[in-house]
Q: 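Here's a structure for you.
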Amino acid sequence: MRTQVAIIGAGPAGLFLSLLLQRAGIECVVLEMHTREHVQTRVRAGVLEHGTVQLMHELGVGERLKRLGLEHGGIELRFAGHGHRIDFRELTGGKCVTIYAQHEVIKDLVAARLAANQPLLFEVSDVRLADLESKSPRVHFVREGKSGTLQCDFIAGCDGFHGVCRPAIPSSALQLFDRAYPFGWLGILAQAPPSSQELIYAHHERGFALLSMRSPEISRLYLQCQPEENIENWPDERIWDELQKRLAASGWNLTEGPIIQRGVTGMRSFVTEPMQFGRLFLAGDAAHIVPPTGAKGLNLAVADVRVLAHALAEFYRSGSAEPLHRYSETCLRRVWKVQRFSWWMTSLLHRFADDNAFDQRRQLAELDYVTSSRAAAQSLAENYVGLPME
Ligand SMILES: Cc1cc2nc3c(=O)[nH]c(=O)nc-3n(C[C@H](O)[C@H](O)[C@H](O)COP(=O)(O)OP(=O)(O)OC[C@H]3O[C@@H](n4cnc5c(N)ncnc54)[C@H](O)[C@@H]3O)c2cc1C
């Protein structure tokens with residue numbers, strides 16, 4: 001097999017890239033290790049930045065998003081038992097975010113790719129990359145028990161944090177920046193109408209809590225927990241009891257309901273520099289991880305592949321490899337700003353093991369500042385709805 005761009009991974013990065021390349025008339029093949037069913041039901045992120053929503057409409061995959069997505073013009077920061085709204089529309093000239101689950105995005109992208117009869121191969125195993133520094137790199141893989149080789153001009157490593165693309169780069173060529181947090185998130189999906197129209201980020205002495213939602217019938221809720229928390233220790237009553245305590249505010253009630261999904265997610269900040277080696281370009285979680293507090297993981301993956309698609313289009317249109325050479329540099333400017341924001345939101349809202357009374361007072365003062373200063377609230381709002389795409 002031969003193609004222009006081999007894309008490893010059918011997550012948000014790989015699938016958005018495939019549609020962007022398709023639109024630019026560039027051939028690509030997507031190789032994914034899991035089944036279609038698996039990638040379309042994997043519960044993950046749910047907040048889409050303004051620019052991500054716009055891109056879905058531009059790519060002609062926004063019909064269900066328009067119908068089912070919930071536009072949010074703000075969030076609530078809740079601390080010391082009171083809620084304070086950050087009004088995105090007012091602070092950012094009319095921008096908002098949209099709640100639409102990542103697996104719904106994936107369904108829309110997969111459907112568009114397959115409807116256009118473009119290659120998207122599921123259940124591919126043993127992916128190995130070769131000749132990355134040549135003009136014709138190769139991807140070896142196994143599918144339906146047969147070995148195959150995909151020859152291409154470029155490889156896009158969109159295979160997430162645990163994929164094979166980043167490890168295919170000699171470690172001496174990479175610099176890794178890493179921060180692990182001393183806590184995780186216990187997340188649930190509950191069959192309960194959301195108790196708020198917008199997300200509530202709660203700072204509490206017992207730890208952080210987040211109220212989010214997937215639809216008018218389904219709530220998504222999170223609790224700060226130990227990084228290696230055993231979910232078995234959290235029966236339904238304990239989860240609801242803790243959520244009730246951390247989210248409590250006078251005159252407000254948290255609606256409970258059957259828990260239909262639960263899990264613990266670790267929290268880390270991670271960046272690979274550079275995000276390219278020879279003809280391999282890393283995008284999304286393969287290159288960086290953010291703690292989910294800023295709701296940025298998926299959106300950052302989309303921002304990367306926009307830059308990559310633009311650079312590849314320029315290469316095939318004019319022969320200029322300049323934008324490709326600058327791919328890392330271009331992406332990393334935005335990546336580090338998003339890292340900063342995600343770290344800041346995390347530090348603002350969570351309890352840390354070595355917190356003392358001073359740290360808690362300082363956090364409360366910062367929350368008070370963010371919710372009472374227009375300049376501070378505007379900074380939060382412009383980051384949350386999404387910094388400009390390159
Ligand atoms: C449990 C969980 C919860 C999350 N919750 C949130 C959240 O609430 N908010 C938020 O903003 N972000 C969240 N994130 C992060 C967000 O989902 C990711 O940032 C986003 O999925 C990144 O997209 P991606 O395409 O780069 O990587 P992925 O979505 O990881 O996609 C990579 C794809 O590559 C495939 N793959 C991997 N290895 C290979 C291989 N060797 N060969 C072929 N295919 C391969 C994988 O199966 C996968 O389909 C969460 C992540 C996880 C894991």
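Both counts, for ligands and for their atoms, begin at 1 and track the order of listing. This chain uses plain numbering: 1 for the first residue, then up along the sequence.
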Q: Could you list which atoms of ligand 1 come closer than 4.0 Å to a heavy atom of A295?
A: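 Here the atoms of ligand 1 in question are 11 (O).
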
Q: Provide the number and element of each atom of ligand 1 under 4.0 Å from a heavy atom of L298.
A: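 What qualifies from ligand 1 is 19 (O).
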
Q: Who pairs with E71 by salt bridge (charged side-chain N to carboxylate O under 4.0 Å, His left out), at least two apart in sequence or on another chain?
A: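 E71 satisfies salt bridge (charged side-chain N to carboxylate O under 4.0 Å, His left out) with R89 only.
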
Q: Taking atom NE2 as the centre, does H140 end up with more than 12 heavy-atom neighbours from other residues, nucleotides or ligands that are less than 6.0 angstrom away?
A: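 Check passes, neighbour count above 12.
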
Q: Please work out which of the three classes, parallel, tilted or perpendicular, describes the rings of H350 and F183, given edges at 30° and 60°.
A: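 Answer is parallel, since the angle falls under 30°.
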
Q: Whether the T265 and Y222 side chains hold a donor-acceptor pair (N or O, under 3.5 Å, no angle test) is what I'd like checked.
A: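 No pair is found: no donor N or O on one side chain lies under 3.5 Å from an acceptor on the other.
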
Q: Just need the protein heavy atom nearest to atom 37 (C) of ligand 1, so name the residue and atom and give the distance.
A: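 Going atom by atom, the protein heavy atom closest to atom 37 (C) of ligand 1 ends up being D159 O, 3.1 Å.
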
Q: Looking at ligand 1, does any of its N/O atoms fall within less than 3.5 Å of an N/O of R44?
A: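 Indeed, backbone or side chain, R44 has an N or O that close.
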
Q: Would you say that more than 12 heavy atoms from the other residues, nucleotides or ligands in this model lie under 6.0 Å from the NE2 of H38, or not?
A: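 Atom NE2 in H38 is packed in, count exceeds 12.
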
Q: Under a heavy-atom criterion of less than 4.0 Å, does F141 contact ligand 1?
A: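 F141 does not count as a contact of ligand 1 under the 4.0 Å cut-off.
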
Q: Near G160, which atoms of ligand 1 are under 4.0 Å from a heavy atom of that residue?
A: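 Checking each atom against G160, I get 27 (O), 30 (O), 32 (C).
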
Q: For ligand 1, does H34 get within less than 4.0 Å through its side chain, its backbone, both, or neither, judged by non-hydrogen atoms?
A: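 It is the side chain that gets close, since no backbone atom is under 4.0 Å.
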
Q: When you compare ligand 1 with P12, is there at least one nitrogen or oxygen pair between them that comes in under 3.5 angstrom?
A: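 Yes, there is a polar N/O contact under 3.5 Å.
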
Q: Output, in order, the C-alpha distance, side-chain angles, deciding distance and verdict of ring-ring contact (aromatic ring centres under 6.0 Å, His included) for F270 and F161.
A: CA-CA 9 Å; F270 172 82; F161 185 66; 5.1 Å; yes

Q: Which residue holds the protein heavy atom closest to atom 1 (C) of ligand 1, what is that atom called, and what is the gap in Å?
A: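 Its nearest protein heavy-atom neighbour is T265 OG1, 4.0 Å.
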
Q: Which of the numbered atoms in ligand 1 are below 4.0 angstrom from a heavy atom of C158?
A: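 Per the distance check, 32 (C), 33 (C), 34 (O).
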
Q: Is there a donor-acceptor contact under 3.5 Å linking the side chains of E123 and H34?
A: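 Not at all, the side chains of E123 and H34 share no donor-acceptor pair under 3.5 Å.
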
Q: Which ligand 1 atoms, with their elements, are less than 4.0 angstrom from a heavy-atom of Y222?
A: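 Heavy-atom distances to Y222 below 4.0 Å select 8 (O).
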
Q: Looking only at protein heavy atoms, which one is nearest to atom 42 (N) of ligand 1, and how far off is it?
A: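 Checked against all protein heavy atoms, atom 42 (N) of ligand 1 sits closest to V127 CG2, 3.6 Å.
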
Q: List the closest protein heavy-atom neighbour of atom 43 (C) of ligand 1: residue, atom name, distance to the nearest 0.1 Å.
A: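 The answer is M33 N, 3.3 Å.
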
Q: Testing the basics here: between S18 and V30, what is the closest heavy-atom pair and its distance to 0.1 Å?
A: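 Closest heavy-atom pair between S18 and V30: CB-CG2, 3.7 Å.
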
Q: Nearest protein heavy-atom contact for atom 35 (C) of ligand 1: which residue, which atom, what distance?
A: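 Here the nearest protein heavy atom works out to E32 OE1, 3.2 Å.
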
Q: On a heavy-atom basis, I'd like to know which of I289, D285, L300 is closest to atom 22 (C) of ligand 1.
A: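 Answer by nearest heavy atom: D285.
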
Q: Does ligand 1 have any atom sitting under 4.0 Å from a heavy atom of L31?
A: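 Per 4.0 Å heavy-atom rule, L31 contacts ligand 1.
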
Q: Give the atom numbers and elements of ligand 1 that come within less than 4.0 Å of a heavy atom of V164.
A: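 Listed by number with element, the hits are 41 (N).
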
Q: Does CZ belonging to R67 count more than 12 external heavy atoms closer than 6.0 Å?
A: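 Yes, because the 6.0 Å sphere around CZ of R67 holds more than 12 heavy atoms from other groups.
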
Q: May I ask whether R42 has any heavy atom positioned less than 4.0 angstrom from an atom of ligand 1?
A: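 The answer is yes: ligand 1 sits under 4.0 Å from a heavy atom of R42.
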
Q: Looking only at distances, please establish whether an N/O atom of ligand 1 is found under 3.5 Å from an N/O atom of A13.
A: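 There is such a contact, yes.
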
Q: First locate atom CD of E49, then atom CG of L55, and finally report the distance between them rounded to the nearest 0.5 Å.
A: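 E49 atom CD to L55 atom CG measures 11.5 Å (nearest 0.5 Å).
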
Q: Looking only at protein heavy atoms, which one is nearest to atom 31 (O) of ligand 1, and how far off is it?
A: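 Its nearest protein heavy-atom neighbour is G11 CA, 3.4 Å.
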
Q: Counting from 1, what ligand 1 atoms have a heavy atom of G163 closer than 4.0 Å?
A: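 Heavy-atom distances to G163 below 4.0 Å select 38 (N).
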
Q: Can you check whether P292 has an N/O within less than 3.5 Å of an N/O in ligand 1?
A: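 No, no N or O pair falls under 3.5 Å.
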
Q: Passes side chain to side chain donor-acceptor pair (under 3.5 Å), R351 versus Q224? Steps please.
A: CA-CA 8 Å; R351 291 292 313 271; Q224 175 182 353; over 6 Å; no

Q: Please write down residue, atom name and distance for the protein heavy atom closest to atom 9 (N) of ligand 1.
A: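 The closest heavy atom on the protein side is A45 CB, 3.4 Å.
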
Q: If you count the non-hydrogen atoms of other residues, nucleotides and ligands that lie under 6.0 Å from CD in Q244, is the total more than 12?
A: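 Buried by this count: over 12 neighbours within 6.0 Å.
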
Q: Which of the numbered atoms in ligand 1 are under 4.0 angstrom from any heavy atom belonging to G284?
A: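 The atoms of ligand 1 under 4.0 Å from a heavy atom of G284 are 26 (O).
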
Q: Please indicate whether any nitrogen or oxygen in G297 is less than 3.5 Å from any nitrogen or oxygen in ligand 1.
A: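 Yes, there is a polar N/O contact under 3.5 Å.
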
Q: Which heavy atom of the protein is the closest neighbour of atom 16 (C) of ligand 1, given with residue, atom name and distance?
A: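 Answer for atom 16 (C) of ligand 1: Q102 OE1, 3.6 Å.
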
Q: Just by distance, with hydrogens left out, do Y100 and R64 show a side-chain donor and acceptor under 3.5 Å apart?
A: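 A pair is found: one side chain offers a donor N or O, the other an acceptor, under 3.5 Å apart.
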
Q: Not counting sequence neighbours, list each pair that qualifies as a salt bridge (charged side-chain N to carboxylate O under 4.0 Å, His left out) and has a residue in residues 163-186.
A: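 Residue pairs passing salt bridge (charged side-chain N to carboxylate O under 4.0 Å, His left out), neighbours aside: D178-R268.
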
Q: Does W336 form a ring-ring contact (aromatic ring centres under 6.0 Å, His included) with F341? I'd like the steps, not just the answer.
A: CA-CA 9 Å; W336 275 110; F341 176 68; over 10 Å; no

